[in-house]
J.: 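Please read through the structure below; I'll follow up with questions.
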Number of protein chains: 2
Amino acid sequence: MALEHAILVSLLERPGSGYELARRFERSIGRFWTATHQQIYRVLRRMEADGWVTAEEIGQDGRPDKRSFSVAGEGLAVLAEWLRAPVQAEAVRHELAVKIRGAAFTDDAGRAALIGEVERYRADHETLLSTYLNGEKRDFPDLDGRDAGQRLQHVVLRGGIAYERMLLDWLDDVLDTLRAL
Amino acid sequence: MALEHAILVSLLERPGSGYELARRFERSIGRFWTATHQQIYRVLRRMEADGWVTAEEIGQDGRPDKRSFSVAGEGLAVLAEWLRAPVQAEAVRHELAVKIRGAAFTDDAGRAALIGEVERYRADHETLLSTYLNGEKRDFPDLDGRDAGQRLQHVVLRGGIAYERMLLDWLDDVLDTLRAL
DNA sequence: AACGCCATGTAAGCAGTTACATGATTCA
DNA sequence: TGAATCATGTAACTGCTTACATGGCGTT
């Protein structure tokens, strides 16, 4: 119920086409809100029909034309209203936790396989942490003199970094526990 | 695609009715996998039809009869296979992060409202952390001598505790950042 | 020649939510 | 008397995913 809002924020940070939005949802904003291109195009069409965003046709040569979207006044009002509303409880889906509890009901071979999976998962998140840290060095090198948008993007990134560090520590705990069974 | 598996794990930990499962999904297991009772009943019917679980009719007096579900051999096999499969990337939905980045595009009043919301959110998670810590003291008082299931449930709970602590620290960072804008 | 990128879409289906319904019992 | 708990469901809908489609351009 808030893909619309994620799109509004992304378009306010920088206008762009459905395709560009889809790319962002694979990278930066997708770290905390996922969406496929099909879903983005559909929602974008609805938002345009409702007057939340406006499209500008941009002819390109060497590439297909595109429709670049910007947030309209109506969209800004919708966003402002949403920001005031209570933060909804998230629908948590932590598959790994289910698997860990499930490990009590499998054999040694299954448990060994799970340990391998957790190690792979841990390696992925170690990579992700590096990506975040590199992004931080690149995008937020100085401590002040930046605008509100920059500082807010930075605090969200710091959240991602804190999460990944916590996760890596916990995964070590998980691996110790699984190995000691 | 894994509510089935969460139900299997929960029923292996303790057989129960759809209603009882729904209650668990509001409390313990619901911390990392949410589901409504409607969804649970529907999936349970399918799982029964597929022979993953079996039901036992239990007549009660003073209360409605219930159907207590247990995991069948087929269900155990399905679970074992799932445990060996790669951990799927989670569909992240972190509404608060979107709102924080959205705060760059609202006025002082909107920002003040968001600060209030973050404070409320923080208070909720402080309560949740207490609940976890109390649960830990109650359910895992000793350091060893427990079975595999207990140790695995404990490590998952430690994950929840680590997450909440990380979150509270980050929310302080967020509040500082919002107030300093 | 083949692959990946840019750009946008349709179609089918499943998962999950919201709203509503029933009915007995226990507790404040 | 009213609310909460136990217990199970139906119906309608929305959101989202998966699979498929098109077509030109740039790179290896």
Side-chain angles (χ1 to χ4, degrees), chain A residues 1-7 10-11 14-27 29-30 32-50 53 55-69 82 88-95 98, chain B residues 1-7 10-11 14-27 29-30 32-50 53 55-69 82 88-95 98:
Chain A
M1 202 41 163
L3 174 56
E4 287 86 341
H5 305 110
I7 288 176
S10 192
L11 288 180
R14 179 195 295 260
S17 67
Y19 186 86
E20 281 161 355
L21 276 172
R23 306 249 63 201
R24 291 183 214 169
F25 273 83
E26 275 171 19
R27 302 179 205 281
I29 207 157
F32 46 88
W33 206 275
T34 51
T36 59
H37 80 273
Q38 293 90 337
Q39 186 67 8
I40 289 167
Y41 281 118
R42 187 130 34 97
V43 170
L44 224 33
R45 232 173 302 154
R46 186 169 64 217
M47 291 169 75
E48 194 189 4
D50 292 347
V53 296
E56 189 197 353
E57 314 284 330
I58 297 185
Q60 304 180 114
D61 43 40
R63 286 183 186 181
D65 296 353
K66 65 177 178 182
R67 310 188 67 219
S68 186
F69 291 93
W82 176 69
Q88 297 289 307
E90 320 272 332
V92 187
R93 293 286 143 96
H94 200 332
E95 191 182 286
V98 179
Chain B
M1 201 44 163
L3 173 56
E4 287 86 341
H5 304 110
I7 288 176
S10 192
L11 287 180
R14 179 195 296 258
S17 66
Y19 185 87
E20 281 161 356
L21 276 172
R23 307 247 63 201
R24 291 183 215 169
F25 274 82
E26 276 171 17
R27 302 179 204 282
I29 206 157
F32 45 90
W33 207 275
T34 49
T36 58
H37 81 272
Q38 293 91 336
Q39 184 68 6
I40 289 168
Y41 281 118
R42 185 130 35 95
V43 169
L44 223 34
R45 233 174 300 153
R46 187 170 63 216
M47 291 169 77
E48 194 189 4
D50 293 346
V53 297
E56 190 197 353
E57 314 284 331
I58 297 185
Q60 303 180 114
D61 42 42
R63 286 181 187 184
D65 296 353
K66 65 176 179 182
R67 311 187 67 218
S68 185
F69 291 93
W82 177 70
Q88 297 287 309
E90 321 272 331
V92 187
R93 295 286 143 96
H94 199 333
E95 191 182 287
V98 180

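Residue numbers start from 1 in every chain, and the chains themselves are labelled A, B, ... in the order their sequence lines are given, proteins ahead of strands. Small disclaimer: the values here were computed from a predicted structure and weren't measured.
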J.: Side chain to side chain donor-acceptor pair (under 3.5 Å) with B/Glu26: which residues, sequence neighbours excluded?
T.: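 Here the qualifying residues are B/Arg23.
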J.: What pair of heavy atoms forms the shortest contact from A/Leu11 to A/Phe69, and how long is it?
T.: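 Reported closest heavy-atom pair: CD2-O, 3.6 Å.
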J.: Would you please name every residue forming a side chain to side chain donor-acceptor pair (under 3.5 Å) with A/Glu95, sequence neighbours left out?
T.: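 Expected list: none.
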J.: What heavy-atom pair brings A/Ala6 and B/Val98 nearest, and what distance separates the two atoms?
T.: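 Looks like CA-CG1, 3.7 Å.
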J.: Which comes earlier along DNA chain C counting from the 5' end, the contact point of B/Ala35 or that of A/Tyr41, where each point is its nearest nucleotide?
T.: A/Tyr41
J.: Calculate the interatomic distance between B/Trp33 atom CH2 and C/dA15 atom C1'; express it in whole Å.
T.: 11 Å
J.: With sequence neighbours excluded, what pairs up with A/Ser10 under the side chain to side chain donor-acceptor pair (under 3.5 Å) test?
T.: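 By the side chain to side chain donor-acceptor pair (under 3.5 Å) rule, A/Ser10 matches A/Arg24.
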J.: Polar-atom pairs under 3.5 Å, protein N or O versus N or O of nucleotides 20-25 of chain D: list them with distances, or write none.
T.:
none

J.: Describe, as an angle rounded to 10 degrees, how the axis at the first end of the helix from C/dA1-D/dT28 to C/dA28-D/dT1 is tilted relative to the axis at the last end, five pairs per end.
T.: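 What I find for the helix from C/dA1-D/dT28 to C/dA28-D/dT1 is an axis angle of 40°.
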J.: Take atom CD of B/Glu26 and atom P of C/dT17, then tell me their distance rounded to the nearest Å.
T.: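 Distance check: B/Glu26 CD to C/dT17 P gives 12 Å.
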J.: Tell me which residues in residues 16-25 of chain A lie within less than 4.0 Å of DNA chain C, going by non-hydrogen atoms.
T.: A/Ser17, A/Gly18, A/Tyr19, A/Arg23
J.: Salt bridge check: are B/Arg14 and B/Glu20 linked by an N-O gap of less than 4.0 Å?
T.: no
J.: Could you tell me how far apart A/Gln39 (CD) and C/dA7 (P) are, to the nearest whole angstrom?
T.: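 So the CD-P distance, A/Gln39 to C/dA7, works out to 21 Å.
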J.: How close do B/Tyr19 and B/Tyr41 get, counting heavy atoms only, and between which atoms?
T.: N-OH, 3.3 Å
J.: Between A/Ile40 and A/Ala22, what is the shortest heavy-atom contact and its length?
T.: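 So the two residues come closest at CD1-CA, 3.5 Å.
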J.: Classify the nucleic acid contact of A/Arg67 as base, sugar-phosphate or nothing, counting any heavy atom under 4.0 Å across all strands shown.
T.: sugar-phosphate
J.: Quick one: NE2 on A/His5 to CG on A/Leu3, what's the gap to the nearest 0.5 Å?
T.: 10.0 Å
J.: Could you tell me how far apart B/Leu3 (CG) and C/dC14 (P) are, to the nearest whole angstrom?
T.: 16 Å
J.: On DNA chain C, nearest-nucleotide positions of A/Gln60 versus A/Arg45: which is more 5'?
T.: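 Nearest-nucleotide comparison on DNA chain C picks A/Gln60.
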J.: Give the minimum heavy-atom separation between A/Ser68 and A/Ile58, together with the two atoms involved.
T.: CB-CD1, 3.7 Å
J.: Using whole Å, report how far CD1 of B/Ile40 lies from C1' of D/dC6.
T.: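 So the CD1-C1' distance, B/Ile40 to D/dC6, works out to 15 Å.
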